[in-house]
Amino acid sequence: MRELLTREQLVLGVRRLAAEITEFYGDRPITIVGALTGSIVLLADLIRELPMPLRVGLVQAHSYRGKATTPGALVINSDLLPDLKDREVLLIDDIFDTGHTLFELVAQMKESRPRSLRSAVLLEKKGRREVNFRPDHVAFEIPDEFVVGYGLDYNDLYRNLPYLAVLEDQDLRGERPA
Ligand code: IMP
Ligand code: MG
């Protein structure tokens, strides 16, 4: 594994994101919706940098990319979502890759009639976008490599790494304890 963003860089990136968000909303109340599971670390760090009154909600987006399932099929579970009607909503996720996940989450959440709906991500992968949509706030642009840590997983592992790392070929071949 190769470190791509250190713990210190991540702290500064989250502060930058928080400053942009605060500049946009001022002291208006917002509802932050974290997309499970990848956004949990960002969610926890980001909300503590935001001064306005805020509510937290969760939504689960699960994409099946395995060989056995339709590529890109996305399952959204909104059971944990609070009422968004007339609220100023900020959706956050760990990474914007092809963009399908965020795009579909936004489309579904708009049906709840929020007053406004914006989005923020920790990472955006360069040159991968397949949708006509971009997040409003991005902390870091990264190269097209598979990354883990700070909430991001590979087979549900590595979310707890306090830094962001690129998984290398030997990691992907599973030459390490499961
Ligand atoms: P998208 O729909 O292609 O934008 O993919 C977004 C989702 O794919 C993210 O929420 C992640 O769960 C996952 N993902 C995409 N790239 C990576 C990566 O490099 N590491 C870990 N997860 C990733
Ligand atoms: Mg995810």
Side-chain angles (χ1 to χ4, degrees), residues 1-7 9-10 13-14 17 21 32-47 56-81 89-111 117-178:
M1 249 189 246
R2 173 166 49 86
E3 195 171 34
L4 185 66
L5 294 171
T6 65
R7 205 173 180 147
Q9 286 174 306
L10 288 165
V14 172
L17 209 55
I21 292 166
I32 293 220
V33 174
L36 293 172
T37 305
S39 74
I40 55 168
V41 180
L42 173 63
L43 181 67
D45 284 347
L46 181 65
I47 60 175
V56 175
L58 297 166
V59 66
Q60 187 173 33
H62 200 104
S63 59
Y64 293 96
R65 291 161 180 245
K67 307 164 202 103
T69 47
T70 323
L74 191 76
V75 176
I76 296 176
N77 177 354
S78 332
D79 291 352
L80 298 169
L81 215 51
V89 178
L90 179 67
L91 173 63
I92 68 162
D93 205 357
D94 50 0
I95 186 165
F96 186 91
D97 182 20
T98 65
H100 289 287
T101 304
L102 215 59
F103 180 78
E104 291 195 32
L105 279 171
V106 163
Q108 169 141 349
M109 285 166 58
K110 274 188 182 156
E111 291 175 14
L117 178 52
R118 291 168 66 86
S119 56
V121 294
L122 181 74
L123 309 168
E124 177 172 358
K125 262 190 215 176
K126 276 189 202 121
R128 292 270 303 161
R129 189 163 61 91
E130 292 177 3
V131 295
N132 186 20
F133 167 85
R134 282 203 65 224
D136 298 287
H137 305 279
V138 176
F140 299 97
E141 275 206 355
I142 61 164
D144 181 11
E145 294 185 283
F146 196 85
V147 291
V148 294
Y150 200 77
L152 292 101
D153 74 302
Y154 172 62
N155 282 344
D156 262 326
L157 288 170
Y158 309 116
R159 294 193 198 274
N160 54 317
L161 295 180
Y163 51 87
L164 193 80
V166 173
L167 269 198
E168 293 172 302
D169 286 348
Q170 66 265 35
D171 304 310
L172 291 164
R173 282 199 303 269
E175 290 167 16
R176 54 174 49 249

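None of these values were measured; they are calculated from a predicted model. Whatever order the structure lists ligands and atoms in, that order sets their numbers, starting from 1.
A side-chain donor-acceptor contact under 3.5 Å links E168 to the backbone of M1. Between the side chain of T6 and the backbone N or O of Q9, at least one donor-acceptor pair lies under 3.5 Å.
Residues L58 and V33 share a closest heavy-atom pair of C-CG1, 4.2 Å. Heavy-atom minimum distance, P162 versus Y150: O-CD1, 4.3 Å.
Under a 4.0 Å heavy-atom criterion, V148 is not in contact with ligand 1. Residue contact check for ligand 1: L74 places no non-hydrogen atom closer than 4.0 Å to it. In this structure, K125 has a heavy atom closer than 4.0 Å to ligand 1.
Residue-level proximity to ligand 1 for L102 is absent, since no heavy atom of it falls below 4.0 angstrom. At a heavy-atom distance under 4.0 Å, only backbone atoms of E145 (N, CA, C or O) approach ligand 1. Looking at T98 against ligand 1, both its backbone and its side chain come within 4.0 Å, counting heavy atoms.
Between F103 and F133, the angle of the ring planes goes over 60°, which puts this pair in the perpendicular group of the 30/60° scheme.
Considering I95, L105, V147, D93 only, the shortest heavy-atom separation from atom 14 (N) of ligand 1 involves I95.
For D156, the salt bridge (charged side-chain N to carboxylate O under 4.0 Å, His left out) test picks out R159, with sequence neighbours left out.
The structure places CZ of R2 at 10.5 Å from CG of L167, a figure rounded to the nearest 0.5 Å.
Counting atoms of ligand 1 from 1 in the listed order, those under 4.0 Å from a heavy atom of D153 are 21 (C).
Considering backbone and side-chain N/O of G99, one or more are found under 3.5 Å from N/O of ligand 1.
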